Amino acid sequence: MFNFFKKLTSNKEKIWSFSGGIHPPEMKIQSSQVPLVTLPLADELIIPIQQHVGSAGDIIVKTNDYVLKGQALTKGCDRRIPVHATTSGTITDIAPHITAHPSGLKELCIRLQPDSKDQWCERKPLPNYLQYSAKVLLSHIEQAGIAGLGGAGFPTATKLKNSNKLINTLIINAAECEPYITADDRLMQEHADEIIKGILILIHILKPKEVLIGIEDNKPAAIAALKEALLGQQAMIKLRVIPTKYPSGGAKQLTKILTGKEIPSGVHSSFMGILMQNIGTVFAIKRAIIDGEPLIERVVTLTGDAIQKPGNYWVRLGTPINFLLQQVGLVPQSEQMVIMGGPLMGFTLSDLTTPIVKISNCILAPTIAEIGEPNIEEACIRCGLCTQACPANVLPQQLYWFSRGQEHEKAEQYNLSDCIECGACAYVCPSNIPLVQYYRQEKAEIKAITQEKQRTSDAKQRFEAKKRRLEREKILRQQRHNQAAVKPEATDKAAINAALMRINAQKNQSDNSRTEPLNNQAAIEARQARKAQLRAIQAARQSAESQSTVATETTNEPQPADPRKAAVAAAIARVKAKKAAESQSVVATETTSEPQPVDPRKAAVAAAIARAKAKRDAQSKTS
C-alpha cells in the first residue's frame with residue numbers, strides 16, 4: 001500500500017516531454033543579471049487604441065482634452081478592452097500611426113503630451129478580494145485593460161469568463177524559453193510575492209483543483225524567489241522545474257510537459273479542464289485588484305550587443321522605441337536591425353517611432369557579428385529537418401509549398417492554424433528559407449478570405465431576414481384586414497336584406513321618374529314644331545298675297561282678283577297644315593316610350609310645299 005502511494009505521488013510530479021524542439025544559444029545572462037530600472041517619461045506618448053486580439057474600443061476622449069494617469073481613453077466590453085492614459089497630460093492628436101505589427105501598417109493612435117506631474121486618477125482597489133464574487137473581479141480585470149502579456153494578447157477577463165466552469169488545473173507559464181528575453185525572469189526575482197498574490201486571486205475566481213507553475217531550469221534565481229514566496233502555499237500551488245528546451249513556453253507544449261495531456265487540434269485547453277496564464281499577466285491582475293491600477297506599464301527586455309546598457313526596464317505603454325534606445329545607449333551600426341520580440345518569433349521594425357504596447361516583451365538590437373550576415377534563400381532540398389524540429393506536429397514542408405502556391409484549402413487541411421510560429425523550422429533549415437514569414441502571410445490571406453465570406457454570409461442573412469420580415473408584415477396586415485371584416489349574424493342578415501329591398505324599390509321609382517321627363521320633353525318638342533308650322537303658314541300667306549299683286553300688275557289686261565277665292569284657298573291650306581302637324585305630334589307621343597324629336601328641316605320643307613300648292617291653286621283660279 002505504501003509503495004502504491006509512493007508511485008502515485010511520483011506520477012503527480014512526473015515531467016513529460018514533447019516532440020520536436022531545438023536548443024539555440026540562450027543569450028540571457030547579459031540582461032537577467034541587472035535589476036529592474038524605471039525609465040523616464042518620453043516627451044510624447046503614442047498609445048494605439050487596439051493592443052489586443054479583438055476589436056478596438058470606442059474612443060471617449062478628444063483632442064485638447066486633459067487626462068490623468070490611469071484614465072480610460074477608450075470604452076470596451078467583453079473582447080473590446082480599454083486602453084488608459086499612461087501619465088497625466090494633454091491629448092494632442094488622434095490619428096493613424098505605425099504600430100507593433102509585422103505588416104508595418106498604420107493604426108489609429110492617441111498622442112499624449114505629458115505634463116510632468118504624473119498625477120493619478122481615482123483608483124478603486126479591492127484589497128479584500130475574497131469578499132467579492134468572481135463576476136465583480138472579472139469586471140475589474142476587464143476595465144483594467146489586461147490582456148495576455150506573454151505575446152498572444154488575448155483579453156484576460158474574456159479568457160477567464162469563457163473557460164470551462166470545472167477547471168481542474170491552472171498552469172502558470174514561467175518558462176520564457178526564447179533566447180535573449182528575460183522580462184519574466186527578472187519580474188519573478190524581484191516581485192515573487194506579488195505574483196503569488198495574483199495566483200491566489202485566480203484561485204478565488206476559478207477554484208481549480210491544482211495549480212502548477214512551470215519554469216525552465218536555466219532560471220535559478222527566479223526558482224529560489226518563487227520557492228521562498230510559496231512557503232505555506234505548497235499544498236495548493238506546485239512549482240515544477242522543467243528542462244530547458246525551445247519552445248517549452250508554448251501553451252500546448254507546456255501543458256504536455258506538466259500534465260502529459262495532448263491538446264487536440266482546434267480544441268481549447270479549457271474544454272479539458274486546463275487553463276494557462278502568463279507570469280506577467282498574473283502580476284498585472286494583482287495590481288488591478290489589490291492596487292486598483294490599470295495596465296499602463298510593463299517590463300521590457302532591452303538587449304543586444306549594439307546596446308551599451310542591456311537589461312530589463314519598466315516602460316510606460318506608448319513610449320516610442322527610439323526614445324528607449326537612446327536611454328540605454330544604442331550604438332547603431334550600418335544597416336542596424338532592431339527586432340521587436342525574440343530572434344525566433346520577433347519581427348524587424350520598419351520605423352523606430354513604433355510605440356511599446358501590451359505584448360511588447362523585448363527589443364533586440366544585435367550587431368552584424370552577433371546575428372550574422374543575411375543569408376540568401378535557396379530552393380528546398382526536402383531534407384525533412386523542419387518536420388523533425390516542429391513542436392506542433394505539423395508538416396512544415398507541405399505548408400511551405402501550399403503557402404507559396406496559395407492553396408488555401410490544402411493549407412487549412414494540413415492544420416496551418418496549429419503552427420505557433422516558433423521559428424524552429426526556419427532555424428534548422430539549411431536552405432535559409434524564412435518559413436515563418438510564409439506561414440504568417442498565408443494565415444493573413446486565409447483570415448482575409450474568411451472575413452470576406454463572413455461578410456457575404458452576413459449580408460445574405462440580413463437580406464433573408466428582411467424578406468422574412470416583409471412576409472410576416474404582409475401576413476399580419478392580411479390578418480388585421482380579416483379581423484376588421486366582421487361576418488354578420490342571422491339578425492344582421494335580415495336587416496341587410498331589408499335594406500337591399502328598400503334600395504331596389506327606390507331604384508324602380510327612379511326609373512319610372514326618368515320616363516316622365518322624357519314625355520314632357522316630347523310635348524315641348526311638339527309645341528315647337530307647331531309653332532314652326534304656324535310661322536310657315538304665315539310666310540306662305542304673305543308670299544301668296546305678294547304673288548297675287550304681281551300677277552294683277554304685270555298683265556296687259558288686268559283681271560280683278562276674287563278676294564273670296566283667295567281667302568278660301570288660304571283657309572284650305574291652313575287646315576291641311578294643321579292636320580299634318582297634329583298627325584306628327586300624335587305619332588311622336590304615342591308610338592314609342594322614347595319620343596322621336598320633330599326635325600325642323602322637314603317642317604320647313606312641308607311648309608314650303610304647302611306654299612307652293614297654295615300659289616299654284618291661286619294662279620289657276622286667277623287664270
Side-chain angles (χ1 to χ4, degrees), residues 17-24 53 101-105 151-153 177-179 245-256 262-269 337 339-350 371-457:
S17 183
F18 61 91
S19 61
I22 57 176
H23 294 85
V53 175
H101 193 273
S103 65
L105 299 176
C177 56
E178 189 163 5
K245 182 182 179 182
Y246 181 83
S248 59
K252 292 185 177 182
Q253 287 71 37
L254 187 58
T255 299
K256 176 65 181 300
E262 294 274 2
I263 306 297
S265 176
V267 177
H268 197 276
S269 61
M337 179 184 296
I339 301 171
M340 176 171 282
L344 295 173
M345 297 187 70
F347 57 91
T348 304
L349 294 171
S350 59
I371 202 169
E373 294 286 344
N375 296 316
I376 299 175
E377 178 181 349
E378 298 178 2
C380 175
I381 60 175
R382 302 179 183 272
C383 62
L385 293 177
C386 56
T387 303
Q388 298 175 14
C390 178
N393 294 323
V394 296
L395 300 175
Q397 186 183 46
Q398 294 297 326
L399 294 177
Y400 164 67
W401 293 115
F402 296 149
S403 300
R404 287 197 59 177
Q406 296 186 349
E407 298 181 64
H408 309 304
E409 294 183 0
K410 289 186 177 180
E412 289 183 292
Q413 292 173 1
Y414 277 72
N415 301 322
L416 175 64
S417 59
D418 288 346
C419 173
I420 61 175
E421 302 177 15
C422 64
C425 54
Y427 181 81
V428 300
C429 179
S431 298
N432 303 315
I433 301 174
L435 296 169
V436 176
Q437 295 182 17
Y438 286 105
Y439 303 155
R440 284 175 177 170
Q441 182 178 357
E442 180 65 13
K443 285 182 179 180
E445 292 182 1
I446 292 175
K447 182 179 178 180
I449 294 172
T450 303
Q451 290 177 346
E452 182 62 28
K453 289 181 179 179
Q454 184 63 39
R455 283 193 292 267
T456 304
S457 177

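Small disclaimer: the values here were computed from a predicted structure and weren't measured.
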Practice task
Locate the shortest heavy-atom distance separating Phe18 from Pro391; write the atom from each residue and the value.
Solution key: CE1-CB, 3.8 Å
Handout entry: Residues that Cys429 engages under side chain to side chain contact (heavy atoms under 4.5 Å, CB included), provided they are two or more places apart
Key = Ser431, Ile433
Exercise for the section: Find the distance between CZ (Phe402) and CG (Leu395) and round it off to the nearest 0.5 Å. Expected result: 8.5 Å
Exercise for the section: Applying salt bridge (charged side-chain N to carboxylate O under 4.0 Å, His left out), name anything that partners Lys410, two or more places apart in sequence or on another chain. Expected result: Glu407
Problem - For Cys390, all residues meeting side chain to side chain contact (heavy atoms under 4.5 Å, CB included), sequence neighbours excluded - result: Ala392, Val394, Pro396
Exercise for the section: With sequence neighbours left out, write down each residue that passes salt bridge (charged side-chain N to carboxylate O under 4.0 Å, His left out) with Glu409, or none if nothing qualifies. Expected result: none
Problem - Contact check, side chains of Ile420 and Lys252, non-hydrogen atoms, under 4.5 Å - result: no
Practice task
List for me each residue that meets salt bridge (charged side-chain N to carboxylate O under 4.0 Å, His left out) alongside Lys245, sequence neighbours excluded, and say none if there are none.
Solution key: none
Practice task
With sequence neighbours left out, write down each residue that passes ring-ring contact (aromatic ring centres under 6.0 Å, His included) with Tyr400, or none if nothing qualifies.
Solution key: Tyr438
Exercise for the section: Hey, could you give me the NZ/CZ distance between Lys443 and Arg440, rounded to the nearest 0.5 Å? Expected result: 8.5 Å
Practice task
Just jot down the side-chain hydrogen bond (donor to acceptor under 3.5 Å, both in side chains) partners of Thr255, sequence neighbours excluded, or say none.
Solution key: none
Handout entry: side-chain hydrogen bond (donor to acceptor under 3.5 Å, both in side chains) involving Gln397 - partner list, sequence neighbours excluded
Key = none
Practice task
With side chain to side chain contact (heavy atoms under 4.5 Å, CB included) as the test, would you mind laying out the steps for Cys422 and Tyr427 before giving the verdict?
Solution key: CA-CA 9 Å; Cys422 64; Tyr427 181 81; over 6 Å; no
Handout entry: From Leu349 atom CG to Met337 atom CE, the distance as rounded to the nearest 0.5 Å
Key = 10.5 Å
Fill in the blank from the handout: Sorted by chain and residue number, the side-chain hydrogen bond (donor to acceptor under 3.5 Å, both in side chains) partners of Gln454 (sequence neighbours excluded) come out as Asp458
Practice task
State the CD1-CD1 distance between Ile371 and Ile339, to the nearest 0.5 angstrom.
Solution key: 4.0 Å
Problem - Gln441 side chain vs Ser403 backbone, donor-acceptor pair below 3.5 Å - result: no
Practice task
Could you tell me whether the side chain of Tyr246 and the main chain of Pro179 form a donor-acceptor pair under 3.5 Å?
Solution key: no
Completion exercise
side-chain hydrogen bond (donor to acceptor under 3.5 Å, both in side chains) filter on Glu442, not counting sequence neighbours, yields His408
Handout entry: Minimum heavy-atom distance Ala389-Ile22, with the two atoms named
Key = CB-CG2, 4.0 Å
Practice task
Kindly state each residue pair satisfying side chain to side chain donor-acceptor pair (under 3.5 Å) with at least one member in residues 411-420, sequence neighbours excluded.
Solution key: Ser265-Asp418
Practice task
Enter the distance from Gln388:CD to Ser19:OG here, rounded to the nearest 0.5 Å.
Solution key: 11.5 Å
Fill in the blank from the handout: For residues 372-395, the salt bridge (charged side-chain N to carboxylate O under 4.0 Å, His left out) pairs (sequence neighbours left out) are none
Handout entry: Test applied, side chain to side chain contact (heavy atoms under 4.5 Å, CB included); reference residue, Val428; option that passes from Leu435, Thr387, Leu385
Key = Leu385
Fill in the blank from the handout: NE2 (His268) and CD1 (Ile263) are apart, to the nearest 0.5 Å, by 9.0 Å
Problem - Side-chain donor or acceptor of Glu178 paired with backbone N/O of Met345 under 3.5 Å - result: yes
